[in-house]
Amino acid sequence: MKELIINKNDAGQRLDRFLAKLLPAMPQSMLYKSLRKDCIKVNGRHIKNGNFRLCEGDELKLYLKEEFFIKPDPDKAYLSIDPQLDIIYEDKNILLVNKKQGMCVHADNEGDCNTLIEHIKAYLYRKGKFKPEQENTFVPSLCNRIDRNTGGIVIAAKNAEALRIMNQKIKNREIKKFYLCLVYGTLEKKVGRLTGYLFKDEVKKQVYIYNSPRKGAKSIATKYRVLEEYSGYSLVEAELETGRTHQIRAGFAACGHPLLGDGKYGSNEINRRFNYNGQALYAYRLRFEFTTESGILDYLNGREFKVEKVKFAKK
């Protein structure tokens, strides 16, 4: 039998989901069987319902085999990382980091651990703001992600409540995201809106834009305004109304203005002509515009954060 106390970062979770994270070695079917057989007590009461919501300070008693408490070696890559972060903003709840182009936000299929989230965990661990020995299931987590070859602002949550609220705000589109990009050619409309239907091919890891609805395709919308025009290309600010995979890159390519340096949706001939290596896309600005309850993050409402220097935006 094991006993533990629910801490602040574990509070609010469903019992079954908490147990699934606490006991990764236990098959899901056995977990629910344990609930039915009165193997789980909360505050002295047997709990059979996996939907039961945990509260801070709850006392759990788990009458389970010892083998299920032996966790696989935790991912401790961050312990050997010398954190290199460009921090735009930090408070007790969140961290805004300017991710450099070329860095993955999470480990890829090849198991690369030199990722943004590992650098963030290393930074918080060294500062004493992340104490894994005091946590049952929570680890600092990213709220949004951007592609390896796209640079820009990524939001990280330092506690479970901030993560829950920020994820909800992103889902509700209460965070405005702005990108800078270099696109080929001169756009006829200097201020406009790109719309269409985006289909993602999971096998090819590529998306396609259509003008009319198709099965499996999702609607997209991107606002844009031209900031500067040069000889053969333009500097554009794009604002995401929807947040689909590769939306900006595929959207501009579909209207005949691919991003410079984009090897997937762009043109190698155009990239060679302008001698441009590296995808010219940067998530350089975001603004919090909360319209629903924002709890402990209410102080962020109305605030805007920006990357002041984007290399390709300087002529």
Side-chain angles (χ1 to χ4, degrees), residues 1-28 31 34 40 42 50 53-62 64-99 103-145 154-168 295-297:
M1 191 267 288
K2 292 284 186 180
E3 296 184 58
L4 57 90
I5 304 296
I6 296 300
N7 62 28
K8 185 175 181 179
N9 280 326
D10 293 323
Q13 294 187 72
R14 283 173 36 164
L15 176 60
D16 55 354
R17 291 177 181 173
F18 170 79
L19 292 173
K21 289 186 283 187
L22 181 72
L23 307 165
M26 174 178 274
Q28 189 178 60
L31 188 156
S34 298
I40 313 297
V42 181
R53 292 283 175 177
L54 295 168
C55 296
E56 185 176 1
D58 281 348
E59 298 180 359
L60 267 66
K61 290 185 178 180
L62 309 177
L64 303 169
K65 292 181 180 179
E66 193 71 27
E67 63 192 78
F68 295 127
F69 294 96
I70 302 174
K71 298 182 181 181
D73 289 335
D75 182 6
K76 293 187 176 180
Y78 62 88
L79 294 177
S80 60
I81 287 177
D82 180 19
Q84 304 293 322
L85 295 175
D86 180 5
I87 297 173
I88 295 174
Y89 172 80
E90 180 179 9
D91 61 34
K92 64 181 181 180
N93 296 310
I94 69 164
L95 191 66
L96 301 183
V97 178
N98 178 19
K99 183 191 83 70
M103 172 180 272
C104 285
V105 292
H106 289 116
D108 56 20
N109 293 332
E110 297 177 0
D112 180 14
C113 293
N114 188 36
T115 61
L116 181 65
I117 188 57
E118 296 303 327
H119 279 257
I120 288 173
K121 287 192 285 188
Y123 166 78
L124 294 175
Y125 180 79
R126 293 192 182 195
K127 292 287 185 179
K129 300 174 183 178
F130 169 43
K131 299 178 180 179
E133 70 280 0
Q134 295 180 8
E135 300 291 345
N136 291 312
T137 60
F138 179 78
V139 293
S141 302
L142 302 183
C143 305
N144 66 314
R145 61 179 67 190
V154 177
I155 308 168
K158 296 163 72 172
N159 57 66
E161 181 66 3
L163 179 62
R164 182 190 67 78
I165 295 172
M166 198 63 74
N167 284 343
Q168 190 63 45
I296 62 171
L297 300 184

Peer 1: Output yes when Arg126 and Asp82 qualify as a salt bridge under the 4.0 Å nitrogen-oxygen rule, no when they do not.
Peer 2: yes

Peer 1: Is Lys158 close to Asn93 at the side-chain level, that is, under 4.5 Å between some pair of heavy atoms?
Peer 2: no

Peer 1: Find the distance between CZ (Arg53) and CG (Asp58) and round it off to the nearest 0.5 Å.
Peer 2: 13.0 Å

Peer 1: So, do Val97 and Tyr123 sit near enough that their side-chain heavy atoms are less than 4.5 Å apart?
Peer 2: no

Peer 1: Answer whether the closest heavy-atom distance between the side chains of Glu59 and Glu3 falls below 4.5 Å.
Peer 2: no

Peer 1: Would you say the side-chain atoms of Asn9 pair up with the backbone N or O of Ala160, donor to acceptor, closer than 3.5 Å?
Peer 2: yes

Peer 1: Applying side chain to side chain donor-acceptor pair (under 3.5 Å), name anything that partners Arg14, two or more places apart in sequence or on another chain.
Peer 2: Asp16, Asn51

Peer 1: Side chains of Val154 and Leu95: does their closest heavy-atom pair fall under 4.5 Å?
Peer 2: no

Peer 1: For the residue pair Tyr125 and Phe130, categorise the inter-ring angle as parallel (less than 30°), tilted (30 to 60°) or perpendicular (more than 60°).
Peer 2: perpendicular

Peer 1: Sub-3.5 Å donor-acceptor pair from the side chain of Lys21 to the main-chain atoms of Phe138, do we have one?
Peer 2: no

Peer 1: Please test Leu62 against Leu19 for side-chain contact (heavy atoms from CB on, under 4.5 Å), starting from the C-alpha separation and ending with a verdict.
Peer 2: CA-CA 10 Å; Leu62 309 177; Leu19 292 173; 4.1 Å; yes

Peer 1: Give me the atom names and distance for the closest heavy-atom approach of Gly295 to Ile165.
Peer 2: CA-CD1, 4.2 Å

Peer 1: Can you tell if the side chain of His106 reaches within under 4.5 Å of the side chain of Thr115, non-hydrogen atoms only?
Peer 2: no

Peer 1: Taking NZ, NE, NH1 and NH2 as the nitrogens, is one of them in Lys129 or Glu90 under 4.0 Å from a carboxylate oxygen of the other?
Peer 2: yes

Peer 1: Can you check whether Pro140 reaches Tyr78 side chain to side chain, under 4.5 Å on heavy atoms?
Peer 2: no

Peer 1: With a 4.5 Å limit on heavy-atom distance, are the side chains of Met166 and Ile155 in contact?
Peer 2: yes

